[in-house]
Amino acid sequence: MKKTAKRVIPGFGLSLGITLTMLSIIVIIPLISLVIYTLKLSPKEIIDTITNARVMSSFKVSILTAFIASIVNLIMGVVLAWVLVRYDFPLKVILNGIIELPFALPTAVAGIALTSLTTDNGLIGKFFAKFGIEIAYTKAGITIALIFVGIPFVVRAVQPVLEKLDGSYEEAAQTMGASRFTAFRRIILPEIFPAAITGFGLAFGRCIGEYGSVVFIAGNMPYKTEITPLIIMSKLQEYNYSQATAIALVLLIFSFIILFVISLVQHRNAKILKGG
Amino acid sequence: MDNDKKGNPIVKWLLIALSFIFVVLFLVLPLVTVITQSLRSGFETYKKAVTDSYTVKATVLTIEATVSAVAFNTIFGIFAAWLITKFKFKGKKFLTALIDVPVTISPVIAGLIFLLTFGRQSVIYPYLQSMGLKIVFAVPGVVLATIFVTFPFISRELIPVLETQGTDEEEAAALMGAKGFTIFRRITFPHIKWAFLYGIVLCTARAMGEFGAVSVLSGHLRGKTNTLPLHVEILFNEFQYVPAFAVSSILVMMAVIVLAIRSILEYRGKKAE
């Protein structure tokens, strides 16, 4: 009785009911059925499935390409955020707006566009083919698709932090004789580091699970350019749900670890944002 | 902006040039490619591909799935944001974490989870069958998958705004005897207007483009359970490149419109602050 009396604002029961019902249909029930299905699998079957050589090499391809792509996005994300916050130049509004294109453009469309650009007849592929470098249907192609997908994450994580940092600390450092680069390294970098790592983690997690933009450009050769989500997809097409689930579990655990690390870093990040 | 003057202009323009090169290579070029490739065989071929009956049916299904996702997630977003920001209760953190699950898992795994829930090996499959409900490899599956992948999009935009706004105004209104809906309409909604529209735009963009999860659940029945992105995939894999890019160009135009609206909303939202 006491507890309800404290709630002055109306609608607690109603919003709790609606929220829980909708959450159950979309998230909770499907997650429970995943757990039930997993419990029915024998541990031996799970281990046999995920230690299969083809599956193992797909983990390697997925992690390697996602990692390289996210490192590129980490560096370019910080550069883009810096340029967008600190400088004024023509077309700035358009540059800022187009950063979000990977969120708005369907992944399948991005996939076929990047593929047609990087095959031997494509605009970019033709150029690299002269040097004997192939992009489409190699790991380089997968990495390019994943760079595309991950661009907005680091930029959008770092931008608000840079906006909150005023120039006074840097100015003080420079007045005291620090070079501009030293000021950046010693003062700005530590401040944006948690945000940048958060963006990196989000991009990495997204890239590990990415499917649409990669399938077209990857060529999907077993042991070479076959990514893990693709293996899950082909298991599903063979109606081999138990093996698909076993492989999916590995990916799920992997993304939960990434999320956990992000939440640790974000804790620090929140303090900075609040402290201004 | 006084940082501008002190910084080395060479570094400044080098960084700006680097940013532009990166964005043009990775973002602008793919967009331009879709348009040029789709018009490669002339406008007549383009028109034929876009008005093809399978394309039209795929467009209708895409719109249906998108509208369902936006409607469902709007209702959820408003109630969930109200619940999380206006009340204190046990398990709030856990609830917030659960809402975010859909965006953290691979779309292919999202599809797999729904297959396991509603497919043949599910516990509830016999009940669904006796009710005559077909979800997997049918339109409801496509709609469910779309709702799932965009589930937190609207609540996630509303929660931070409502959190900074606090509960004082609503409490005052409630003490003066205002009803729940009146409080929401008169006090809360003006605060979240821009964030709400922004959430709808994001949700629309993602819903119309979802590929992996929908691909698992659709069964790829042409003219029945094919959405626009799936239609693009089929055409591309059949080496019908020009039609594939023509259909893609519809999605590119939608994406550009979404980005434009987004920029306007962001600008308006900042001005309103």
Side-chain angles (χ1 to χ4, degrees), chain A residues 7-12 15-16 18-19 22-23 26-30 33-34 37 76 79-80 82-83 86-89 93 95 97-98 100-101 103-110 112-114 116-117 147-148 151 167 180 205 209 211-212 216 229 232-233 236 241 244-245 248 251-252 255 259, chain B residues 1 3-4 7-8 12 15-16 18-19 22-23 26-27 29-30 33-34 37 76 79-80 82-83 86-87 98-99 101-102 104-109 112-114 116-117 121-122 147-148 151 167 170-171 174-175 180 205 209 211-212 216 229 232-233 236 244 248 251-252 255 258-259 262-263:
Chain A
R7 290 196 180 105
V8 184
I9 303 171
F12 178 73
S15 33
L16 184 71
I18 291 178
T19 305
M22 292 177 112
L23 189 69
I26 298 299
V27 181
I28 299 174
I29 293 173
S33 66
L34 174 73
Y37 191 79
M76 283 315 298
V79 170
L80 279 166
W82 176 264
V83 163
R86 290 298 174 99
Y87 300 143
D88 261 333
F89 51 90
V93 181
L95 187 71
I98 205 169
E100 231 119 301
L101 180 71
F103 287 160
L105 190 70
T107 49
V109 174
I112 66 167
L114 289 170
S116 92
L117 274 171
I147 291 175
F148 174 89
I151 288 173
R180 222 181 135 71
Y211 173 75
F216 301 103
I232 297 175
M233 194 62 135
L236 288 177
Y241 295 158
T245 308
L251 275 199
L252 278 177
S255 37
L259 278 183
Chain B
M1 278 307 121
N3 282 300
D4 242 29
N8 186 338
K12 173 185 164 179
L15 288 178
I16 291 174
L18 181 66
S19 300
F22 182 74
V23 166
F26 279 93
L27 299 177
L29 216 51
T33 304
V34 173
Q37 294 281 343
F76 174 77
F79 280 104
W82 182 265
L83 178 72
K86 302 295 168 198
F87 304 104
L98 271 182
I99 294 174
V101 165
T104 58
I105 68 179
S106 168
V108 177
I109 299 179
L112 164 76
I113 293 175
F114 277 95
L116 297 179
T117 313
Q121 63 297 313
S122 157
I147 294 176
F148 181 84
F151 189 58
T167 55
E170 279 87 356
E171 266 165 25
L175 288 173
F211 181 68
V216 173
V232 169
E233 181 198 21
F236 192 80
S248 296
L251 290 163
V252 164
V258 160
L259 286 183
R262 198 209 83 91
S263 298

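Just so we're on the same page: letters track the sequence lines, and every chain starts at 1.
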Can you tell me which of [options] forms the most heavy-atom pairs within a distance under 4.5 Å of chain A?
options	answer
B:T167, B:L251, B:V232	B:L251
B:W82, B:F236, B:F148	B:F236
B:L116, B:V23, B:L18, B:T33	B:L116
B:P30, B:G180, B:A174	B:P30
B:I113, B:V101, B:I99	B:I113

Please find the pair of heavy atoms, one from [X] and one from [Y], that lie closest to each other, and give the distance.
X	Y	value
A:I9	B:F87	O-CE2, 3.2 Å
A:M233	B:V108	N-CG1, 4.1 Å
A:A108	B:P229	CB-O, 4.1 Å
A:A113	B:V34	CB-CG2, 3.7 Å
B:S106	A:G209	OG-O, 2.7 Å
A:A104	B:A205	CA-CB, 3.9 Å

Counting only non-hydrogen atoms closer than 4.5 Å, does [X] touch chain B with its backbone (N, CA, C, O), its side chain (CB onward), both, or neither?
X	answer
A:L105	both
A:T107	both
A:M22	both
A:F12	both
A:A110	neither
A:L23	both
A:L16	both

In Å and rounded to the nearest 0.5 Å, what is the [atom1] to [atom2] distance from [X] to [Y]?
X	Y	atom1	atom2	answer
A:L80	B:I16	CG	CD1	11.0 Å
B:L83	A:T19	CG	OG1	4.5 Å
B:F26	A:I151	CZ	CD1	6.5 Å
B:L29	A:F148	CG	CZ	11.5 Å
A:Y87	B:S19	OH	OG	9.5 Å

Proximity breakdown for [X] and chain A, heavy-atom pairs closer than 4.5 Å:
X	result
B:L27	both
B:F114	side chain
B:V252	both

May I ask you to name which of [options] has the most heavy-atom pairs under 4.5 Å with chain B?
options	value
A:L34, A:L101, A:T245	A:L101
A:V27, A:I29, A:V93	A:V27
A:G97, A:S255, A:A248, A:P30	A:P30

- Task: Please list, chain by chain and in numerical order, all residues satisfying side-chain hydrogen bond (donor to acceptor under 3.5 Å, both in side chains) with B:Q37, sequence neighbours excluded.
- Result: B:R40
- Message: According to side-chain hydrogen bond (donor to acceptor under 3.5 Å, both in side chains), who are the partners of B:T117, at least two apart in sequence or on a separate chain?
- Response: A:S33
- Query: Which class fits the ring pair A:F216 and B:F211: parallel under 30°, tilted 30 to 60°, perpendicular over 60°?
  - Reply: tilted
